[in-house]
Amino acid sequence: MAVMKVKFNQKKRVKLAQGLWLMNWFSVFAGIIVFSMGLFLKIELRKRSEIMDNSESHFVPNSLILLGLLACAFNGLAGKICYDSLDPAKFAKWKPLLKLYLLLCLFFNVFILFVALICFLGKGSLESTLAQGLKSGMKFYRDTDTPGRCFMKKTIDMLQIEFKCCGNNGFRDWFEIQWISNRYLDFASKEVKDRIKSNVDGRYLVDGVPFSCCNPSSPRPCIQYQVSNNSAHYSYDYQTEELNLWNRGCKEALLKYFSSMMSSMGAIVLLVWLFEMAVMVGLRLLHTSLESISNPEDPECESEGWVLEKSLKDTFKSTLENLKSLGKSNQVDAGAEGEEGAKTQAVTTVS
């Protein structure tokens, strides 16, 4: 029994063709939107490339860009097919190609679903990329005189101000690295010497943070040095005081920003997938309804359209049988070639 079997007359076929033509052009517009989303995400990731560990994070935007281009191409061609289906003479040239085109549409819809899934599941790889990239970026914060790294201080400062964050996981991350350049340290000072000597790696570590960690909404002037020293500040308790620094780490802030963006894009791609599935089903109905016309000379006659000629179970079985027969024919061909080669070798040996 055929799946989604529908009876058509000339009027219904024309309406289906016109509706599909319109839907395909809506899909072209959706493809442009998906392409634009991928381009926007790629630009946003490139803006943060200095604090991202690798280029794997560009897999999602690249997939969205490719999806947008393919959607424009596939649906533009489908729109042309639907338009030509109204004219039997024009439709005749598309008739032999429609089955192949519908098969390609099926693979294309699988690809759309895959892109939607990676938009939702891309958080894990993004988290590790950001964690490593931010850690490296913070180490190079002080290298304002080193070629290739002199921009890192500005990048980190602008990031912390824009996203209202501090450090990788929190402001305490700055306590573990030397973020003040040696150029601005007075090595004749006893305090500087003592701090460097007290560290195994010979680094100048302080319980302080860069100015960009300060929260301007705090009523108290920013305490960015000796943060953990209660006696250094009046009426101050490091353990209980609500610090006037950003408490959120930049990894969390960036992850939330990109994750929400990618989740929204995934939802849009999922809607595009549902729309494309409807277009593919409609195109299949149009294809079968035009093929099943009993009298091609009488365009007014009724016909039947379907999505699958047999039931799902029968279609699955026949597909498996076709694949098995194809595999057997390949084995027979390979065996025949082997026998022919052996005979040729035997003849050569005798001669």
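For the pair W94 (side chain) and C82 (backbone), a donor-acceptor distance under 3.5 Å is absent. Not a single donor-acceptor pair under 3.5 Å links the side chain of S136 to the backbone N or O of G133. Of the possible polar contacts, none joining the N62 side chain to the F59 backbone as a donor-acceptor pair under 3.5 Å is found. Listed for the S263 side chain is no donor-acceptor partner under 3.5 Å among the backbone atoms of S260.
The side-chain contact (heavy atoms from CB on, under 4.5 Å) test applied to N182 returns R142, Q178, L185, F187, not counting sequence neighbours. Every residue was checked against the disulfide (SG to SG under 2.5 Å) condition with C150, not counting sequence neighbours, and none meets it. For F140, there are no ring-ring contact (aromatic ring centres under 6.0 Å, His included) partners at least two apart in sequence or on another chain. Residues that satisfy the salt bridge (Lys or Arg N to Asp or Glu O under 4.0 Å) test with K164, not counting sequence neighbours, are absent from this structure. Among residues two or more places apart in sequence or in another chain, the ring-ring contact (aromatic ring centres under 6.0 Å, His included) test is passed with Y141 by W174. Partners of C214 under the disulfide (SG to SG under 2.5 Å) rule, at least two apart in sequence or in another chain, are C222. Partners of M280 by side-chain contact (heavy atoms from CB on, under 4.5 Å), not counting sequence neighbours, listed by chain and number: L102, C105, L106, N109, M277. Evaluation of the side-chain contact (heavy atoms from CB on, under 4.5 Å) rule for D186 yields A188, S189 as partners, not counting sequence neighbours.
Of all the heavy atoms in S63 and F111, the pair that sits closest is O-CZ, 4.2 Å. Of all non-hydrogen atoms in V227 and F171, the two that sit nearest each other are CG1-CE1, 4.2 Å. Shortest non-hydrogen contact noted between F108 and L70 is CE1-CB, 3.5 Å. Contact detail for S212 and Q160: the closest heavy-atom pair is OG-NE2, 2.6 Å. Nearest heavy-atom pair across V60 and M262 is CG2-CE, 3.8 Å. Considering every non-hydrogen atom in both N168 and M138, the closest pair reads N-SD, 3.6 Å.
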Quick one: side chains of residues 115-122, donor-acceptor pairs under 3.5 Å with protein atoms, not counting sequence neighbours, listed by atom name and distance.
none

Which atom pairs, donor and acceptor, lie under 3.5 Å between side-chain atoms of residues 24-34 and protein residues at least two apart or in another chain?
residue : atom : partner : partner atom : Å
N24     : ND2  : L20     : O            : 2.8
S27     : OG   : M23     : O            : 3.1

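Summarising the local packing, CZ of F275 is surrounded by more than 12 heavy atoms from other residues, nucleotides or ligands at distances under 6.0 Å. For K93, the NZ atom counts as densely surrounded, since its 6.0 Å shell holds more than 12 non-hydrogen atoms of other residues, nucleotides or ligands.
Atom CG of residue L274 and atom CD1 of residue I112 lie 10.0 Å apart, to the nearest 0.5 angstrom. How far OG of S228 is from CZ of F175: 5.5 Å, rounded to the nearest 0.5 Å. The distance from atom CG of N215 to atom CG of N247, rounded to the nearest 0.5 Å, is 8.5 Å. Atoms CE and CG, on M265 and L270 in that order, are 15.0 Å from each other to the nearest 0.5 Å. Once rounded to the nearest 0.5 Å, the distance linking NZ of K12 with CG of L286 reads 14.0 Å. I156 contributes atom CD1, which lies 11.0 Å from atom NZ of K153 (distance to the nearest 0.5 angstrom).
For residues 252-271, the set of pairs meeting the ring pair (Phe, Tyr, Trp, His ring centres under 6.0 Å) definition, not counting sequence neighbours, comprises F163-Y257.
A salt bridge does not link E176 with R203: every distance from a Lys NZ or Arg NE/NH1/NH2 to an Asp or Glu carboxylate oxygen is 4.0 Å or more.
Here L205 sits alone; no ILVMFWY side chain lies under 4.5 Å from its own, so it joins no hydrophobic cluster.
Sulfur atoms SG of C213 and C166 are positioned under 2.5 Å apart.
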Begin from the C-alpha positions of K154 and E50 and carry the test salt bridge (charged side-chain N to carboxylate O under 4.0 Å, His left out) through to its verdict. CA-CA 11 Å; K154 182 182 176 182; E50 295 91 353; over 6 Å; no

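When only modelled atom types and interatomic distance are considered, Q224 and N244 share no side-chain donor-acceptor pair under 3.5 Å.
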